[in-house]
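In this chain, numbering begins with 1 at the start of the sequence shown.
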Amino acid sequence: MTRDSIMHKHIFSRRTFLRGVGVTMALPWMESRLVWGDEAPATAGLDGSQAPVRLAVLFSGNGFHSKEWWARGEGSQMELGQVLAPLHDYREKMLFIRGLYNEEALKGNIHSSQTGNLLSGAPLASGGEIHSGTSLDQLLAQRYGQSTKVPSLVLGCEKSNPSVHKNYSMLYSSHISWSSPTAPTPLELYPALAFDRLFKDEVDRGDKSVLDAVLEDARGFRLQVSSSDQRKLDEYLNSVREVEQRIAQAGKQGELQGWRPTLDQPNMARPDDGVPQNIADHMRLMCDILVLGFQTDTTRISTLKLNNDHSSLRFPHLGVDYMIHHLLSHSD
């Protein structure tokens, strides 16, 4: 019996992956793998003239004045309600999406059950148990985050609440970003530490070689495929190494995939240590740091929780007491 015929007796999964420390790499279709009808991996071209796609999610607890949260028309003719009026100059770049619906958020009918699955749509465990779903931002960070120094920047302006409210954990109210169904992603509340995470050298960089991470798994896999597929595997891994080397060289020039960040260095000073006492200053600082992360291409994925749902923050600069704010959010 030949080596190739032995290989054909193996039963393999529909899609084969190489795995390493925190890294998963998909392999192309191979003839010695008994997989019929499998799709060839899409090959996406690298267009150096375009900036990378980014994701930022901002959350404000207790909601907005719904009667003033509206948009009519589109493009330069778009009209905006009072809440969205500050975005008037950017209306030609805006999409106002209607009809979004999250059925799971209706089941608990309380703040926690309407927040903890905002970016996953997953059912939430009640009875004080903590179980949601991995959120959209973290799924994207797992897939694409290694392109930047910081895979995902998760910011907040109010500390997490570990209590239980009407049978649901208030951690659901405190987090929209979840690294796993049972682990909310920690919030960075301190502007100075958020700044350091973006720019201090001792923070781990996201530029480790994908190929090095999966090399041991690749060697074992190579022994399980036919000689022709071994050549295909070698060519594939060499192409990955070539791309990594090109990206590494581009990074030394302050570029990635031919695109240069709009800022080479931060254009704002490191914030003072501690949490600002004025909540408006705190929120503005965190927004600026999020934008700075994008401008320097230090991160491409970020969430910012301006306050918790069922928040205990006070807004003295607006002359609004906590309970009045909470009641107003109910009565609109």
Which residues pass the salt bridge (Lys or Arg N to Asp or Glu O under 4.0 Å) test with [X], sequence neighbours left out?
X	value
D281	R284
E158	none
R143	none

With sequence neighbours left out, write down each residue that passes side-chain contact (heavy atoms from CB on, under 4.5 Å) with [X], or none if nothing qualifies.
X	answer
S173	H111, S112, M170, D309
S120	N117, A122, S132
D273	A192, R270

According to a hydrophobic-cluster definition based on side-chain heavy atoms being under 4.5 Å apart (Ile, Leu, Val, Met, Phe, Trp, Tyr only), do [X] and [Y] belong together?
X	Y	value
I289	V291	no
I279	L187	no
M283	F294	yes

With sequence neighbours left out, the residues meeting side chain to side chain donor-acceptor pair (under 3.5 Å) with S160 are H175
Sorted by chain and residue number, the side chain to side chain donor-acceptor pair (under 3.5 Å) partners of T296 (sequence neighbours excluded) come out as T298
Residue pairs passing the salt bridge (Lys or Arg N to Asp or Glu O under 4.0 Å) test with at least one member in residues 95-123, sequence neighbours excluded, are E104-K107
What pairs of donor and acceptor atoms, side-chain ones from residues 74-88 against any protein atom, are under 3.5 angstrom apart with sequence neighbours left out?
from : atom 1 : to  : atom 2 : distance (Å)
H88  : ND1    : R91 : NH1    : 3.2
H88  : NE2    : R91 : NH1    : 3.3

Tell me if a side-chain donor or acceptor on H282 pairs with a main-chain N or O of P191 at a distance below 3.5 Å. no
- Flag if over 12 foreign heavy atoms under 6.0 Å of CG, L95: no
The ring-ring contact (aromatic ring centres under 6.0 Å, His included) partners of F195 (sequence neighbours excluded) come to F199
Per side-chain contact (heavy atoms from CB on, under 4.5 Å), T303 is matched among D137, L153, L290 by D137
Residues 138-172 vs ring pair (Phe, Tyr, Trp, His ring centres under 6.0 Å), sequence neighbours excluded, gives H165-H310, Y172-W178
